[in-house]
Number of protein chains: 2
Amino acid sequence: MPQPTPPYRLTPQRAAVREVVWEARDHPTAREIYLRVKARQPGIGFATVYRTLSLLVEHGAILELRLGDVARYDANVSPHDHVRCTACGVIADINVPLPASATQRAAHDSGFDVDGYELQLLGRCATCRTSSGGR
Amino acid sequence: MPQPTPPYRLTPQRAAVREVVWEARDHPTAREIYLRVKARQPGIGFATVYRTLSLLVEHGAILELRLGDVARYDANVSPHDHVRCTACGVIADINVPLPASATQRAAHDSGFDVDGYELQLLGRCATCRTSSGGR
DNA sequence: GTCCCTGCAAAAGTTTTGCATTGCG
DNA sequence: CGCAATGCAAAACTTTTGCAGGGAC
């Protein structure tokens, strides 16, 4: 997907936030993004990062995930699912073949019109499985 | 599932919290539970409710849901899914037929051992759909 | 000149923790 | 008596908001 000229002003701060998210592959939290951006724009403040993240989410440039207790951000805006390691917390993108008809029907029975869904698998990543032995 | 004598002391405060969650059908937040319990045990404090909720979750007596920005609690501890109204926030229990093999395979390709999953559908409930007209 | 953006600080909200007190076992 | 549980208050943390200053258009 090409990036159209945004309808908002792309200031250096905003560009830095956008780049950090785009380059990240680890679904960083707002605080983590703030720290990484600060390495490039030492003067930037919390509020600017938070406001920029909201802006980018609103415009569909990035995705906000509410997987655990804090918000995380994902540059992959196409529909996909996630798997989270319950040991170390690492999150990976995956695709689960879940037919739209299944979700539509299940929710429709409850009287809902369904727009979409969020699916998160829970387990142990390869690293944690190996390092901590069997369990 | 019958309730075994808990391995923790079932004080009046804890019993009240447990009952409130068991009687609730609306996936209340910790604050909502606190307010409802307070109606029965006026002297109870925040901390006790929070600590009791953690305790009950640890022992599998109730479920903690992280669907939105705050924690919600569910007395239904058997595996099931949820649908949330993006307009009013109401949450309902549903069951989506998602074969374990599908999740297992998808995650295994990423190197994860999968224990379970959380599936949340998003849409508009019957009430919101009717009241706000088309959109 | 006007308006948007930024940075700092404070506020708001949820959840956790410290600590003295209470009361069961 | 000993120890777990409680209640209150304060802390920790994430996220939002207010506001004055500054730069872009």
Side-chain angles (χ1 to χ4, degrees), chain A residues 5-21 24 26-59 61-74 84 86 89 91, chain B residues 5-21 24 26-59 61-74 84 86 89 91:
Chain A
T5 304
Y8 47 85
R9 244 162 66 194
L10 192 59
T11 64
Q13 288 89 343
R14 290 178 178 176
V17 171
R18 198 179 64 169
E19 271 177 31
V20 163
V21 177
D26 57 346
H27 306 82
T29 65
R31 169 165 292 272
E32 288 166 346
I33 293 167
Y34 165 69
L35 292 174
R36 296 178 199 179
V37 172
K38 196 154 193 170
R40 311 184 185 186
Q41 308 270 337
I44 201 170
F46 262 136
T48 302
V49 172
Y50 273 100
R51 279 188 282 237
T52 300
L53 288 171
S54 300
L55 188 76
L56 295 174
V57 168
E58 261 178 44
H59 286 80
I62 63 175
L63 229 54
E64 185 183 58
L65 309 176
R66 288 283 186 171
L67 301 185
D69 47 352
V70 293
R72 294 177 174 276
Y73 297 88
D74 192 340
R84 176 163 56 106
T86 51
I91 295 171
Chain B
T5 304
Y8 47 85
R9 244 163 65 196
L10 192 58
T11 64
Q13 289 88 343
R14 289 178 178 178
V17 171
R18 198 179 64 169
E19 272 177 30
V20 163
V21 177
D26 57 345
H27 306 83
T29 66
R31 170 167 291 271
E32 288 166 346
I33 293 167
Y34 165 69
L35 293 174
R36 295 178 199 178
V37 172
K38 196 154 195 173
R40 310 185 187 185
Q41 308 270 337
I44 201 170
F46 262 135
T48 302
V49 172
Y50 273 101
R51 279 188 281 237
T52 301
L53 288 171
S54 299
L55 188 76
L56 295 174
V57 168
E58 261 178 45
H59 286 80
I62 63 176
L63 229 54
E64 185 183 59
L65 310 176
R66 289 284 184 168
L67 300 186
D69 47 352
V70 292
R72 294 177 172 276
Y73 296 87
D74 192 338
R84 176 162 58 106
T86 49
I91 295 171

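One atom, CG of B/L10, and another, P of C/dC24, lie 14 Å apart when rounded to the nearest Å. Going from atom OH of A/Y8 over to atom C1' of D/dA24 covers 18 Å, rounded to whole Å. One atom, CG of B/L55, and another, C1' of D/dT6, lie 13 Å apart when rounded to the nearest Å.
One finds no side-chain N or O of A/T11 lying less than 4.0 angstrom from the OP1 or OP2 phosphate oxygen of C/dC4. Side-chain nitrogen and oxygen atoms of B/R9 include none within less than 4.0 Å of the OP1 or OP2 phosphate oxygen of D/dT6. Note on B/Y50: every side-chain N or O is 4.0 Å or more away from OP1 and OP2 of C/dT16.
For the contact set between residues 64-74 of chain A and DNA chain C, defined by any heavy atom under 4.0 Å, there are no members. Of the residues in residues 28-49 of chain B, B/A30, B/R31, B/A47 come within less than 4.0 Å of DNA chain C through at least one heavy atom, sorted by number.
Aromatic rings from A/H27 and A/Y73 are positioned such that their centres are separated by 6.0 Å or more.
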Requested in this report: Could you give me the CA-CA distance, side-chain angles and deciding distance for B/D74 and B/R66, then say whether salt bridge (charged side-chain N to carboxylate O under 4.0 Å, His left out) is met?
Outcome: CA-CA 11 Å; B/D74 192 338; B/R66 289 284 184 168; over 6 Å; no
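Distance alone, capped at 3.5 Å, is enough to place a donor-acceptor pair between the B/E32 side chain and the B/T29 backbone. The backbone N or O of A/I44 lies less than 3.5 Å from no partner atom in the side chain of A/T48, so there is not a single donor-acceptor pair. Judged by distance alone, the side chain of A/R14 and the main-chain N or O of A/R9 form a donor-acceptor pair under 3.5 Å.
The base of D/dG7 is paired with the side chain of B/R51 by a donor and an acceptor separated by under 3.5 Å.
Looking at residues two or more places apart in sequence or on another chain, you find a side chain to side chain contact (heavy atoms under 4.5 Å, CB included) between B/T86 and A/D115, B/L122, B/R124.
Here the shortest heavy-atom pairing between B/I33 and B/P28 reads CG1-CG, 3.7 Å. Closest of all the heavy-atom pairs between A/Y34 and A/G45 is CE1-C, 3.7 Å.
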